[in-house]
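Since this is a predicted model, take the numbers as computed values, not measurements.
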Amino acid sequence: MPTTIDRLEAVLQAKGITIFARIDQQAEAEKVGLRLSPTQLLLFGNPKAGTPLMVAEPTIALDLPLKALAWEAADNKVWLSYNDPNYLKQRFSLCDELIKNIAVTTPLINQALL
């Protein structure tokens, strides 16, 4: 699982996208005596791209910065989950012009999965 999130982080950084945080949720669970399968959350974005979206619809800040979750299922398969920009477009009634600011992340996520 860490390999998947490492690849995504590297791809995003290579494109100049800021990594705001990487949270190892399994490690945090262990700190309080709980068990969790390998799970890490990556928060990333670009203020130049995200700010115009927040100006148009302030509540999109609930979903910005963007996030990707790498997690290992019970069958040991690793998954990478994220909110598709088109979902955010619909959720916040954003125009095509604005959503282009964050839509560039989808191909980068796909690149990290190859």
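Across every non-hydrogen atom of Leu98 and Ala56, the tightest pair is CD1-CB, 3.4 Å. Closest approach of Lys67 to Leu62, counting heavy atoms only: NZ-O, 3.7 Å. Heavy-atom minimum distance, Phe20 versus Pro65: CD1-CB, 3.5 Å. Of all heavy-atom pairs between Ala68 and Ile5, the closest is O-CD1, 4.1 Å. Here the closest heavy-atom approach between residue Gly50 and residue Leu64 is recorded as O-CD1, 3.8 Å. Nearest heavy atoms, Pro47 versus Pro52: O-CD, 4.2 Å.
Using a 4.5 Å heavy-atom threshold, the side chains of Val104 and Lys15 count as separate.
No path of Ile, Leu, Val, Met, Phe, Trp and Tyr side chains, each step under 4.5 Å between heavy atoms, connects Leu80 with Met1, placing them in separate hydrophobic clusters. In the hydrophobic cluster analysis, where Ile, Leu, Val, Met, Phe, Trp and Tyr join through side-chain heavy atoms closer than 4.5 angstrom, Ile23 is grouped apart from Leu36. Follow the hydrophobic side-chain contacts under 4.5 Å out from Ile99 and you reach Tyr82 in the same cluster. Trp71 and Leu8 fall into different hydrophobic clusters, defined by Ile, Leu, Val, Met, Phe, Trp and Tyr side-chain heavy atoms under 4.5 Å apart, directly or through other members. Residues Ile109 and Tyr87 share a single hydrophobic cluster, defined by chaining ILVMFWY side chains whose heavy atoms lie under 4.5 Å apart.
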Inset, instruction - Give the intermediate values and the outcome of side chain to side chain contact (heavy atoms under 4.5 Å, CB included) for residues Ile17 and Leu66. - result: CA-CA 11 Å; Ile17 296 173; Leu66 296 170; over 6 Å; no
Legend entry - Verdict with supporting geometry, Leu53 and Phe92, side chain to side chain contact (heavy atoms under 4.5 Å, CB included): CA-CA 9 Å; Leu53 281 79; Phe92 296 103; over 6 Å; no
Inset, instruction - Check step by step if side chain to side chain contact (heavy atoms under 4.5 Å, CB included) holds for Glu9 and Leu12. - result: CA-CA 5 Å; Glu9 187 172 0; Leu12 294 171; 5.9 Å; no
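Note: Gln13 CD to Ile19 CD1 = 5.0 Å, rounded to the nearest 0.5 Å. Of the inter-residue distances, the one linking Leu113 atom CG with Trp79 atom CH2 reads 11.0 Å to the nearest 0.5 angstrom. A distance of 6.0 Å separates CD of Gln25 from CG of Leu69, quoted to the nearest 0.5 Å. Residue Leu88 holds its CG atom at 7.5 Å from CZ of Arg91, rounded to the nearest 0.5 Å. Leu94 contributes atom CG, which lies 11.0 Å from atom CG of Asn86 (distance to the nearest 0.5 angstrom). Taking CG of Asp6 as the reference point, atom CG of Leu42 lies at 9.5 Å (rounded to 0.5 Å).
Under the 4.0 Å criterion applied to side-chain N and carboxylate O atoms, Lys89 and Asp96 are assigned as salt-bridge partners.
In this structure, the side chain of Thr59 does not engage the main chain of Glu57 through any donor-acceptor pair within 3.5 Å.
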